[in-house]
Amino acid sequence: MGGDHATTLSRRIRGASVVVVSDPDAARAAAVAEAEAGARVIRDGFDVIADPAVDAVVVASPDPTHEALVLACLAAQKPVLCEKPLAPTVEGCLRILDAESALGRRLVSVGFMRRFDPGYLALRAALVAGDVGAPLMIHCVHRNASAPPTFDSEMVIVNSAVHEMDAARFLLDDEIATVQACRRAGRDGRALADPQFLILETTRGMLVDIEVFVNAGYGYDVRAEVVCERGTLTLAPQPPVRARSGGAEAAAFAPDWRPHFAAAYANELQAFVDAAGRGGATGASAFDGYAATATAAAGVRSLHHGGAVAVELVARPKLYRDCTGGAGSR
Ligand code: ISE
């Protein structure tokens with residue numbers, strides 16, 4: 001993901017150049033830096049943040065490393081786009097909210113790139129226009145071709161379904177009140193609970209169901225249908241082209257989320273660079289990142305113990321009360 005962001009930043013984004021690349025795998029860092037002319041390699045991520053040539057930072061390291069890197073960016077007062085989840089634990093997200101609130105201005109953008117996807121944006125615009133009435137429920141499908149062997153049952157929620165948790169908040173302009181994970185046991189005796197089926201209810205009583213299947217085998221597939229009072233709104237099916245030949249119809253699915261959401265990532269990075277130039281943030285805020293992680297945590301609790309689990313959110317700190325600018329800011 002980090003390599004992809006570096007490539008998109010240097011080839012497609014106005015107003016930014018990649019000056020430093022960091023990865024624990026030195027050969028990988030060198031290969032990405034070489035592809036992006038002029039970039040240096042610095043081994044330690046914290047040294048990257050401190051480097052005077054670095055104006056803004058993209059964090060795409062493993063989830064448990066996010067918190068410390070984002071806190072270092074805040075301490076250095078540098079805008080940061082942190083891949084989702086903002087932090088895998090609620091406590092980690094709260095520490096980030098505290099640090100950003102103490103600073104008194106938003107510098108953290110969270111990489112919920114679907115907020116910049118043309119399809120999701122059109123869906124939200126149609127909901128706001130209201131021609132089909134108020135939303136009642138969303139049906140979501142989130143399938144990956146395969147997940148790394150390190151992926152566990154909790155990550156299916158915290159790393160994957162967390163996208164739908166944020167998208168639901170974004171589309172419905174409501175907080176999630178409860179989460180119920182309906183699939184508890186692993187399939188065929190395996191430890192990994194996959195696929196999983198989650199049911200969310202918002203504070204205003206809207207329902208969201210999520211099938212998340214990280215080893216679906218056939219390709220990357222994300223779908224959403226919003227059921228409203230007088231009709232439905234559905235994301236256009238992907239891929240857009242279907243071939244008919246030899247008595248069969250075929251469509252080539254993207255192997256993973258990077259090509260599927262390429263436009264979303266480019267739009268997100270452009271918005272981040274523009275906002276960083278103004279010394280601010282864009283898209284999902286640290287509060288949105290916190291709310292998504294808190295929702296995922298409720299899902300994990302339900303996965304282990306069953307039942308609908310309440311999402312307990314702290315009151316929205318002042319800094320996040322009037323996040324209105326930019327695609328996806330609430
Ligand atoms: C991955 O980390 C992503 O962020 C992808 O967008 C998502 O589809 C996938 O399930 C996650 O594992």
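In listed order, ligands and their atoms are each counted from 1. Because the structure is predicted, anything quoted here is derived from the model rather than measured. Just so you know, residue 1 is the first one in the sequence shown, and it goes up from there.
Salt-bridge formation is not detected for the pair Asp117/Arg115: no Lys NZ or Arg NE/NH1/NH2 atom is positioned less than 4.0 Å from an Asp or Glu carboxylate oxygen. Arg204 and Glu175 are not joined by a salt bridge, as no carboxylate oxygen comes within less than 4.0 angstrom of a charged side-chain nitrogen.
Among the atoms of Trp257, none of the N or O lies under 3.5 angstrom from an N or O of ligand 1. Note: no N/O pair closer than 3.5 Å links Tyr265 and ligand 1 by distance alone.
Distance from atom 9 (C) of ligand 1 to its nearest protein heavy atom, with residue and atom name: Asn144 ND2, 3.3 Å. Atom 7 (C) of ligand 1 has His142 NE2, 3.4 Å as its closest protein atom, hydrogens excluded (heavy atom only).
With a 4.0 Å heavy-atom cut-off, ligand 1 is reached by the side chain of His163 but not by its N, CA, C or O.
Using a 4.0 Å heavy-atom cutoff, Asn159 is listed among the residues neighbouring ligand 1. Residue Phe261 places no heavy atom under 4.0 Å from ligand 1. The closest approach between a heavy atom of Met113 and any atom of ligand 1 is below 4.0 Å. Ligand 1 lies out of reach of Met155, whose nearest heavy atom is not under 4.0 Å from it. The shell of residues lying under 4.0 angstrom from ligand 1, judged by heavy atoms, includes Lys84.
Atoms of ligand 1 lying under 4.0 Å from any heavy atom of Phe151, numbered from 1 in the order shown and given with element: 12 (O). Near Tyr220, meaning under 4.0 Å from one of its heavy atoms, ligand 1 places the atoms 6 (O), 7 (C), 8 (O). Atom numbering of ligand 1 starts at 1 in the shown order; those under 4.0 Å from a heavy atom of Ser160 are 9 (C), 10 (O), 11 (C), 12 (O).
Note on Phe197: it does not cluster hydrophobically with Met165, by side-chain heavy-atom contacts below 4.5 Å among ILVMFWY residues.
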Test salt bridge (charged side-chain N to carboxylate O under 4.0 Å, His left out) on Asp288 and Arg169 and set out the steps. CA-CA 9 Å; Asp288 294 317; Arg169 295 178 67 251; 3.0 Å; yes
Check step by step if side-chain contact (heavy atoms from CB on, under 4.5 Å) holds for Leu123 and Leu235. CA-CA 7 Å; Leu123 203 52; Leu235 278 182; 4.0 Å; yes
I'd like to know whether Arg143 forms a salt bridge (charged side-chain N to carboxylate O under 4.0 Å, His left out) with Glu211, so could you lay out the CA-CA distance, the side-chain angles of the two residues, the decisive distance to 0.1 Å, and finally the verdict. CA-CA 8 Å; Arg143 298 188 189 137; Glu211 176 218 295; 2.7 Å; yes
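A cation-pi contact, defined as under 6.0 Å to the ring centre and within 45° of the axis, links Arg124 to Phe170.
Using the six-membered ring where Trp is involved, His5 and Tyr265 have ring planes that are perpendicular, over 60° apart on the 30 and 60° scheme.
Between Phe253 and Tyr218, the ring center distance clears the sub-6.0 Å criterion.
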